[in-house]
Amino acid sequence: MAPFPEEVDVFTGPHWRMKQLVGLYCDKLSKTNFSNNNDFRALLQSLYATFKEFKMHEQIENEYIIGLLQQRSRTIYNVHSDNKLSEMLSLFEKGLKNVKNEYEQLNYAKQLKERLEAFTRDFLPHMKEEEEVFQPMLMEYFTYEELKDIKKKVIAQHCSQKDTAELLRGLNLWNQAEERQKFFKYSVDEKSDKETDVSEQSTGITHLPPEVMLSIFSYLNPQELCRCSQVSTKWSQLAKTGSLWKHLYPVHWARGDWYSGPATDLDTEPDEEWVQNRKARTRLLREKDLLLYSGSEKSEQETGRALLFLSLSGCYQITDHGLRVLTLGGGLPYLEHLNLSGCLTVTGAGLQDLVSACPSLNDEYFYYCDNINGPHADTASGCQNLQCGFRACCRSGE
């Protein structure tokens, strides 16, 4: 059912009848034996009557709905300007008058099916557009009482046409459906109210007062607090409360020991074994970094200039000045890959200065924020962090 009060919903009732007619002619079309002349003519006569009703419905909408809306809004709406209904009526008349034998009937049937399928594909979305676009406009330009009067006139006009027995049956079915919908909506609302009353009597953990949550958080270790901070904004703020972080033991936390209580007899200094392990790991990382350089016996400045890969992704504090420092001493002539995703404070001018000092830079491996009007805008790969919500530059327009 429509999301508008039924007493002022001018489209849904008549459209329900139109959709019923579409279903009927689709059913008849699938069951018709086009080799049989009687079946063939009976279908065309039924289609002619159906599309005459469509035409009548269109004329009523133009006069009593669209016409009034145009006057009130002072805007022209070409809702029924394509004249497809007239073309379909001409097609049916041609079939009734000109088709004489079985061969012609079968050829005509192929054209008829194609035209009806095309019409149906356009007609159903057209009615949906009227319900979703023009009904809200009517609600805006007309009062409640005016819309009630418009609906009464529309229904009266539909019922005043000749051969209205089938039409009345269709509208009666619609009225019955409305009554069932009212009853169903009342039942659902009543059930929802009961569920709301029950839910209000019970309180989940997310509704506990902040002081209670802080008391609970005080029993958690740093790792668990960090996980809780990812649950919601409220929990994130509570997890940052200073009283939860009175004692900091980064060395032990790095080992996987998440103790956060008083020092007591806890060894707060790293032991020799841990220091040696960290030195060994640092040495391995440095050796790995050396792979990014083309020579190991060059001077420090020459080694820097031989850099092939540079990623500053997420370094939001880097500025144009920092980029220009990289251009000193001849720049980075061998740099092929440059990632500046998430660098908020750099500008197009700073990027241009750096790129000018990087003649080997490959645009395919050149990344920077899409909000910056920088060099190689058409060929660079843009920001790599478009799906990363915590980087401000990744949200368009900021």
Side-chain angles (χ1 to χ4, degrees), residues 222 226-227 229-230 233 236-237 239-240 245 248 250-251 253-254 270 275 277-398:
C226 290
R227 289 173 178 170
S229 69
Q230 299 174 14
T233 303
S236 177
Q237 294 173 347
K240 297 174 183 176
W245 302 93
L248 306 179
V251 172
W253 295 347
V275 172
N277 288 337
R278 295 298 295 179
K279 287 183 177 180
R281 184 175 180 182
T282 301
R283 185 168 59 254
L284 289 174
L285 290 174
R286 287 176 178 174
E287 291 174 358
K288 182 178 179 181
D289 290 340
L290 289 176
L291 295 177
L292 301 175
Y293 299 86
S294 60
S296 58
E297 297 181 359
K298 300 178 180 179
S299 66
E300 182 177 351
Q301 184 177 11
E302 291 174 336
T303 301
R305 291 184 60 192
L307 190 66
L308 303 175
F309 178 103
L310 177 60
S311 176
L312 300 174
S313 177
C315 297
Y316 61 90
Q317 292 184 330
I318 193 169
T319 63
D320 287 351
H321 176 72
L323 297 183
R324 293 188 176 103
V325 169
L326 296 174
T327 67
L328 301 177
L332 303 171
Y334 303 103
L335 186 69
E336 299 176 356
H337 184 121
L338 177 60
N339 189 349
L340 297 172
S341 301
C343 297
L344 297 175
T345 55
V346 300
T347 67
L351 285 173
Q352 184 61 57
D353 291 343
L354 177 57
V355 169
S356 300
C358 304
S360 300
L361 184 62
N362 188 335
D363 289 355
E364 183 181 356
Y365 304 118
F366 181 29
Y367 309 93
Y368 64 90
C369 180
D370 291 332
N371 293 331
I372 299 175
N373 184 19
H376 306 294
D378 296 330
T379 53
S381 292
C383 181
Q384 279 193 312
N385 301 290
L386 290 177
Q387 303 302 322
C388 187
F390 62 83
R391 291 214 168 112
C393 75
C394 301
R395 298 193 293 273
S396 179
E398 297 185 25

Closest heavy-atom pair and its distance - Leu354, Cys358: O-SG, 3.2 Å

Closest non-hydrogen atom pair between Val346 and Leu323, with its separation: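 The pair with the smallest heavy-atom distance is CG1-CD1, 3.7 Å.
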
Pairwise salt bridge (charged side-chain N to carboxylate O under 4.0 Å, His left out) hits with a residue in residues 336-347, at least two apart: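 Qualifying pairs: none.
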
Within residues 340-350 or reaching into it, pairs that qualify as salt bridge (charged side-chain N to carboxylate O under 4.0 Å, His left out) - sequence neighbours excluded: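 Sorted result for residues 340-350: empty, none.
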
With sequence neighbours left out, what residues match [X] under side-chain contact (heavy atoms from CB on, under 4.5 Å)?
X      : answer
Gln352 : Ser356, Pro375
Arg324 : Asp320, Thr327, Ala349, Asp353
Ser311 : Phe309, Ser313, Asn339

Approximate separation, where rounding is to 0.5 Å, of Leu361 CG and Leu332 CG: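 Going from the CG atom of Leu361 to the CG atom of Leu332 covers 9.5 Å.
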
From OH (Tyr365) to CG (Leu338), nearest 0.5 Å: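 Taking OH in Tyr365 and CG in Leu338, the distance rounds to 14.0 Å.
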
Student check: side-chain heavy atoms of Leu326 and Leu335 closer than 4.5 Å: no

Residue pair Tyr368 / Leu351, side-chain heavy-atom distance below 4.5 Å: yes

Under 3.5 Å: donor-acceptor pair, side chain of Ser360, backbone of Pro333: yes

Mutual orientation of the aromatic rings belonging to Phe366 and His376 [parallel < 30°, tilted 30-60°, perpendicular > 60°]: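 The arrangement is perpendicular - the two ring planes meet at more than 60°.
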
Side chain to side chain contact (heavy atoms under 4.5 Å, CB included) between Leu340 and Ile372, worked out: CA-CA 11 Å; Leu340 297 172; Ile372 299 175; over 6 Å; no

Non-neighbouring partners of Asp363 that pass side-chain hydrogen bond (donor to acceptor under 3.5 Å, both in side chains), sequence neighbours left out: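 Asp363 satisfies side-chain hydrogen bond (donor to acceptor under 3.5 Å, both in side chains) with Thr379 only.
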
